[in-house]
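Values below: every heavy atom of this structure, side chains too, minus hydrogens, waters and symmetry copies. Bear in mind the structure is a predicted one, so any value in this text is a computation, not a measurement.
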Amino acid sequence: MSEVGAGITVLPVNECWDLMKSVSLGRLVTSVDGRPQIFPVNFVVQHRTVLFRTAEGTKLVSTAINNQVLFEADDHTVSEGWSVIVEGRARSLHSDEELEEAERAHLLTWTSTEKTHYVRIRPDNVTGRRFRFDAPRQE
């Protein structure tokens, strides 16, 4: 870890993945009709990829048309917080092998909407930061 400012630390990639495993809600950032869009999704980390389920609709179509995406997950307590951003390529899973692997992740959806499509984000770059809220401010 390297400190970049008062209370801000750059996280190593291994820690980024460990932190992402500790939460289940993140945000998918993609492009829809040439405009950035952000969607909350519940997810799991599986083999250093991000896996989520979705229904037919904007998220599924946008990841097929523009597979370059960002994914962000974060969490915080009273004294600190962290944020991890994954830049990568999203792809819907179709083969029996891919779907069986995804099913083993036991990814549960939060809503009653039927979400029959799995999407996997393979990372090109993973970055993260930890923020200490009680750090003295630099003037």
Original post:
Stepwise, does the side-chain contact (heavy atoms from CB on, under 4.5 Å) test hold for Val13 with Glu15?
Top reply: CA-CA 5 Å; Val13 172; Glu15 189 171 350; over 6 Å; no
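- Side-chain contact between Met20 and Ser22 is absent, with no heavy atoms from C-beta onward closer than 4.5 Å.
- Between atom CG of residue Leu19 and atom CG of residue Leu11 there is a gap of 6.0 Å, rounded to the nearest 0.5 Å.
- By the rule that hydrophobic residues join a cluster once side-chain heavy atoms approach within less than 4.5 Å of another member, Leu70 and Phe39 end up as members of separate clusters.
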Subject >> Verdict with reasoning, Leu51 to Phe43, per side-chain contact (heavy atoms from CB on, under 4.5 Å) >> reply: CA-CA 6 Å; Leu51 180 68; Phe43 75 100; over 6 Å; no
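- A heavy-atom distance below 4.5 Å is found between the side chains of Asn125 and Thr127.
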Original post:
Does the salt bridge (charged side-chain N to carboxylate O under 4.0 Å, His left out) test come out yes or no for Glu80 and Arg132, once each step is laid out?
Top reply: CA-CA 4 Å; Glu80 69 176 23; Arg132 207 175 71 242; over 6 Å; no
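- Distance check, rounded to the nearest 0.5 Å: CG of Asn67 to OG of Ser31 gives 12.0 Å.
- Summarising the local packing, CG of Asp124 is surrounded by more than 12 heavy atoms from other residues, nucleotides or ligands at distances under 6.0 Å.
- Cluster annotation: Val23 and Val29 are assigned to distinct hydrophobic clusters (Ile/Leu/Val/Met/Phe/Trp/Tyr, side-chain heavy-atom contacts under 4.5 Å, transitive).
- For the side chain to side chain contact (heavy atoms under 4.5 Å, CB included) with Phe52, the lone residue among Val44, Asn42, Ile121 that qualifies is Ile121.
- Phe131 and Ile8 get closest at one heavy-atom pair: CD2-CG1, 3.9 Å.
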Original post:
Please walk me through it: do Leu28 and Ile38 pass side-chain contact (heavy atoms from CB on, under 4.5 Å)?
Top reply: CA-CA 6 Å; Leu28 172 70; Ile38 188 165; over 6 Å; no
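- Across all their heavy atoms, Ser83 and Asp74 have their closest contact at CA-CB, 3.9 Å.
- Checked by atom type and distance alone, the side chain of Glu100 never pairs as donor or acceptor with a backbone atom of Ser95 at under 3.5 Å.
- Closest heavy-atom contact between Ala73 and Trp82: O-CZ3, 3.3 Å.
- If you take OG1 on Thr54 and OH on Tyr118, they are separated by 12.5 Å, rounding to the nearest 0.5 Å.
- Inspection of the Gln46 and Arg120 side chains reveals an N or O donor paired with an N or O acceptor under 3.5 Å.
- Hydrophobic cluster membership is shared by Leu107 and Leu93, with clusters built from Ile, Leu, Val, Met, Phe, Trp and Tyr side chains linked at under 4.5 angstrom.
- Taking both residues in full, the closest heavy atoms of Arg89 and Pro123 are given as NH2-O, 4.1 Å, listed atom of the first, atom of the second, then distance.
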**OP:** Report the C-alpha distance between Glu98 and Glu101 in whole Å, list the side-chain angles of each, state the deciding distance to 0.1 Å, and finish with yes or no for side-chain contact (heavy atoms from CB on, under 4.5 Å).
**Re:** CA-CA 5 Å; Glu98 291 174 323; Glu101 178 76 10; 5.8 Å; no
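- Tested against Phe71, the residues Ile85, Val84, Val126, Val41 include a single side chain to side chain contact (heavy atoms under 4.5 Å, CB included) partner, Val41.
- In terms of modelled atom types and a separation under 3.5 Å, the side chain of Glu103 and the main chain of Leu99 share no donor-acceptor contact.
- How far CZ of Arg130 is from NE2 of His76: 13.5 Å, rounded to the nearest 0.5 Å.
- The NZ atom of Lys21 sits 12.0 Å away from atom SG of Cys16, with the distance rounded to the nearest 0.5 Å.
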